[in-house]
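Reviewing the structure listed below.
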2 protein chains.
Amino acid sequence: MAQQEPREGRLRPARRLTLTEDVYESIKTLVMDHILPPGERVNIDALARELDVSPTPVREALARLEADGLVRKRPLSGYTTTPLLSRAEFDDLFDVRQLLEGATAGRAATHASAEARQRISAEAAASIDVEAGDGYRRHAAFTALDAKFHDLIAEVSGSPLLRDTITRLHSHLHLHRLYFPVAGAPDTNTEHQRIAAAIVAGDAAAATEAMRAHLSAARERHLPAFDQLPTPGTPRDSA
Amino acid sequence: MAQQEPREGRLRPARRLTLTEDVYESIKTLVMDHILPPGERVNIDALARELDVSPTPVREALARLEADGLVRKRPLSGYTTTPLLSRAEFDDLFDVRQLLEGATAGRAATHASAEARQRISAEAAASIDVEAGDGYRRHAAFTALDAKFHDLIAEVSGSPLLRDTITRLHSHLHLHRLYFPVAGAPDTNTEHQRIAAAIVAGDAAAATEAMRAHLSAARERHLPAFDQLPTPGTPRDSA
DNA sequence: GAAACCTATTTCCTATAGGATGTTGCTTTG
DNA sequence: CAAAGCAACATCCTATAGGAAATAGGTTTC
């Protein structure tokens, strides 16, 4: 039946352990990078052909992505990528981030090991190196570094549940339109360092406040993106 | 090939639209009610035979449940139900609940419609009717009513994201050992009514505080369950 | 000219089959 | 008697096939 040939696998990285896992990561990247446009239908068979696997693991990966909130499934109509965040949903997201990440910053300041404080401080300082590079790469590097910093604080907060919850939220954030000018990168670095300083100093209230201020500023920086393209909300199925 | 016979489907409810959806709900119930014991291996084929479907939809439902945190998947070894919460995880859960649900209560008090306040008040009053009935049914009814009250507040808070997050947390709570004496039902009702009163009065600070106090008390009520059975933590795979 | 109906195509959804891998029990050897 | 190696088994994982439903386009009728 010739099903075990050493295939190419041009889109996915080196086989980890299970095919489904690789397919999951591949599709996740496809959605995150808007290669699969938001709000668009996802053809299972076409995707399977593209990734050079059978539809079954694709289907299974899609089921996981649905629980993650990156795709949606209408009963007899197939999967669609989650549409772009509306202005209201975007504000809601940042409200919740302020609540959750403010708490992680405060907790990190209260009970974090000396080694952990050192790591946070180093991470905040390392952010400066991002300035070089061209458009896309620079943006991707900046986004990755920002995510890492926030996740590091969540990790140090000592609440695995809080960390998981925030991670899930962040994947929603990537549903925001992706390529906009990141003019505020220097500001972000400054704010990160303020947060790191408060955590290192062990001042919980200051850390919480610094995080909330950072997220508030970040929200403002993202806002212009809503005025650029048409149909910033959910384009279809508003009934 | 005789695959379209009108089968019995003894375990699942009336077909909704997709088989996978029904299977998902069935397995979820099985895990929640500990019919599939926590920390135990889940045999896909056996489960498929039990539910009278092919392994494929079972596999797909399991993938969704993994994202929900109710089962785990070890790469080449199959699925296992998530083990019972350890004491540390339980405390973590209630810490996060206090943070999130305290916020929903406060938000509900600030901006909720008059009709919504009415519903909350009614729901808190309705809780009294649960007192009758025998062990299992009584416990199930009490749990369902409690969940409904908390979800109602989350709904009224006006933050869909917060509501979703809390819903996800609550399914984790059901990972706690299920059948313990609910001696504190009257207390719970009293506390619920205090929360409802604060929300109706529009006092955000009082609502937040009442919710946090309620969860703190609830946590204390649940605590004795840890001293009853052996191996309260994660039994296996501690390496 | 517009709306409703019918038909054809595409796509999804479920079932079955076969290969690869992990696990378990037994045997053999030091 | 214990430990290591081997073999048989069970289970998972992936691929393929076929039936059912929804969607889209064209035609017909009012």
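Below, read A as the first sequence line, B as the second, and so on, with proteins coming before strands; counting in each chain starts at 1. These numbers were taken from a predicted model, which means no experiment stands behind them.
- An OP1 or OP2 oxygen of dT16(C) is reached within less than 4.0 angstrom by no side-chain nitrogen or oxygen of Thr56(B).
- Between the P atom of dA15(D) and the CD atom of Glu60(A) lies a distance of 12 Å, rounded to the nearest Å.
- For Asp95(A), there are no side chain to side chain donor-acceptor pair (under 3.5 Å) partners at least two apart in sequence or on another chain.
- Distances from the side chain of Leu19(A) to the nucleotides dA15(C), dT14(D), dT16(C) place dT14(D) closest.
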Between the protein and nucleotides 9-12 of chain C, which nitrogen or oxygen pairs are less than 3.5 angstrom apart?
residue : atom : partner  : partner atom : Å
dT11(C) : OP1  : Asn43(A) : ND2          : 3.3
dC12(C) : OP1  : Val42(A) : O            : 3.1
dC12(C) : OP1  : Ile44(A) : N            : 3.3
dC12(C) : OP2  : Asn43(A) : OD1          : 3.4

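- Closest of all the heavy-atom pairs between His172(A) and Leu93(A) is C-CD2, 4.4 Å.
- Every residue was checked against the salt bridge (Lys or Arg N to Asp or Glu O under 4.0 Å) condition with Arg117(B), not counting sequence neighbours, and none meets it.
- The nearest whole Å value for the distance from the NZ atom in Lys73(A) to the P atom in dT14(C) is 7 Å.
- Looking at residues two or more places apart in sequence or on another chain, you find a salt bridge (Lys or Arg N to Asp or Glu O under 4.0 Å) between Asp151(B) and Arg163(B).
- An end-to-end axis angle of 20° holds for the helix from dG1(C)-dC30(D) to dG30(C)-dC1(D), taken from five base pairs per end and rounded to 10°.
- Side-chain contact between Ile153(A) and Phe149(A): present, with at least one pair of heavy atoms (C-beta onward) separated by less than 4.5 Å.
- Salt-bridge formation is detected for the pair Glu155(A)/Arg119(A): a Lys NZ or Arg NE/NH1/NH2 atom is positioned less than 4.0 Å from an Asp or Glu carboxylate oxygen.
- Counting only N and O atoms by type, the side chains of His192(B) and Asp146(B) include a donor and acceptor under 3.5 Å apart.
- Taking atom CD of Glu21(B) as the reference point, atom P of dA21(D) lies 18 Å away to the nearest angstrom.
- The salt bridge (Lys or Arg N to Asp or Glu O under 4.0 Å) search around Arg64(A) returns Glu21(A), Glu66(B), not counting sequence neighbours.
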